[in-house]
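Input: a single structure, listed below in structure tokens.
Side chains are part of it too, since the values below use all heavy atoms of this structure and drop only hydrogens, waters and symmetry mates. Please read all numbers here as calculations on a predicted model, not as lab measurements.
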Number of protein chains: 2
Amino acid sequence: METKTATAIFESLSSGWRLEAFRLLVKKGPEGMVAGDIAAALDLAPSSLSFHLKALTHAGMVSVAQEGRFLRYRANLALMAELIAYLTEECCAGVPGQCAEVAGAKACIDKLAC
Amino acid sequence: METKTATAIFESLSSGWRLEAFRLLVKKGPEGMVAGDIAAALDLAPSSLSFHLKALTHAGMVSVAQEGRFLRYRANLALMAELIAYLTEECCAGVPGQCAEVAGAKACIDKLAC
DNA sequence: AAATTGCTTCAATACTTGTTGAAGTATTGT
DNA sequence: ACAATACTTCAACAAGTATTGAAGCAATTT
């Protein structure tokens with residue numbers, strides 16, 4: 001992954017609305033959610049949500065599919081996985097066990113849900 | 001993890017300089033790096049690096065320790081692990097196998113280095 | 001003690017981002 | 001055709017962020 005791609009993703013997750021929207025979509029998985037349901041769940045003005053969903057879409061973190069007059073959004077879990085891999089790349093220079101020396105870091109994998 | 005904490009972290013990683021600095025520190029692990037070495041590695045003006053390291057420190061993603069007139073920075077791997085756990089929480093509603101249905105998402109754990 | 005080194009802080013400027021409400025577009029229902 | 005629904009886009013304003021160079025402070029060297 002390129003630095004520019006990663007910073008664009010982090011920027012897209014740096015707003016509370018966008019992070020909450022993305023986490024909602026992660027939980028929904030392949031089912032996704034239509035824009036109106038996301039707006040209702042977050043209690044956010046439609047125009048504001050649209051602004052934030054566009055930012056997430058532009059960063060590639062969510063995809064959109066039209067369904068009649070609804071727009072269904074889905075989290076891009078593959079990109080999320082790539083991002084995590086990028087962030088943790090060559091952690092502790094790849095020296096086995098060195099990460100475990102750092103308090104709590106060992107719990108990294110255990111806490112992952114997918 | 002609270003939303004506010006997570007957005008502060010993502011914001012701190014949304015600049016190319018900060019992301020590269022953090023990734024350098026992840027690779028160094030417990031050894032860390034002194035500010036001057038980071039500046040040299042990134043070819044960045046000291047005042048600008050200081051600004052960015054302060055942002056990372058404020059978000060909790062790096063810690064600082066004084067060593068004579070040097071300041072040694074270290075990545076907070078435990079917080080990184082917490083962030084990943086937060087982002088992937090209840091992925092696909094916790095339904096086993098559903099993540100695997102999404103192209104590539106299965107590779108999530110495999111790609112993690114720590 | 002004076003100079004040097006390593007890093008930070010400050011102030012000014014330029015740029016970017018978020019919110020609001022109104023207007024616009026496309027799909028569906030009557 | 002007309003109205004309603006679902007969502008987006010636009011423009012204006014407020015607020016936050018990044019860069020620069022100069023000045024500051026503390027630890028070390030001479």
Legend entry - Rounded distance in Å - CZ (A:F70) to P (C:dA26): 18 Å
Inset, instruction - Specify the separation, in whole Å, of atom CG of A:L19 and atom P of C:dG18. - result: 13 Å
Legend entry - Short side-chain N/O contact to C:dG18 OP1/OP2 from A:R18, under 4.0 Å: yes
Inset, instruction - Find the distance B:E67:CD to D:dA27:C1' and express it as a whole number of Å. - result: 13 Å
Inset, instruction - Answer yes or no: is there an ion pair linking B:E90 with A:K28, defined by an N-O contact shorter than 4.0 Å? - result: no
Inset, instruction - Please report, rounded to the nearest Å, how far the C1' atom of D:dT8 is from the CZ atom of A:R69. - result: 15 Å
Inset, instruction - In whole angstrom, give the distance that lies between atom CG of B:L56 and atom P of D:dA18. - result: 11 Å
Legend entry - Between D:dA27 (P) and B:R72 (CZ): distance, integer Å: 17 Å
Legend entry - Rounded interatomic separation in angstrom, taking CG from A:L42 and C1' from C:dT19: 16 Å
Inset, instruction - Enumerate the residues from residues 46-55 of chain B whose closest heavy atom to DNA chain D is under 4.0 Å, giving them by residue number; use none for an empty result. - result: B:S47, B:S48, B:F51, B:H52
Legend entry - Any B:M1 side-chain heavy atom under 4.5 Å of B:L79 side chain: yes
Legend entry - Heavy-atom pair with the smallest gap, counting every atom of B:F22 and B:V62: CD1-CG1, 4.1 Å
Inset, instruction - Could you tell me whether a side-chain N or O of A:S48 sits under 3.5 Å from a main-chain N or O of A:L44, the two making a donor and an acceptor? - result: no
Inset, instruction - Decide whether A:L42 and B:Y86 are clustered together by the hydrophobic rule: side chain heavy atoms of Ile, Leu, Val, Met, Phe, Trp, Tyr closer than 4.5 Å, transitively. - result: yes
Inset, instruction - Provide the closest heavy-atom pair for A:L19 versus B:T3 in the form atom of the first, atom of the second, distance. - result: CD2-O, 4.2 Å
Inset, instruction - Let me know the distance between NE2 of B:H58 and P of D:dA18, rounded to the nearest Å. - result: 14 Å
Legend entry - D:dA6 OP1/OP2 closer than 4.0 Å to side-chain N/O of A:Y73: no
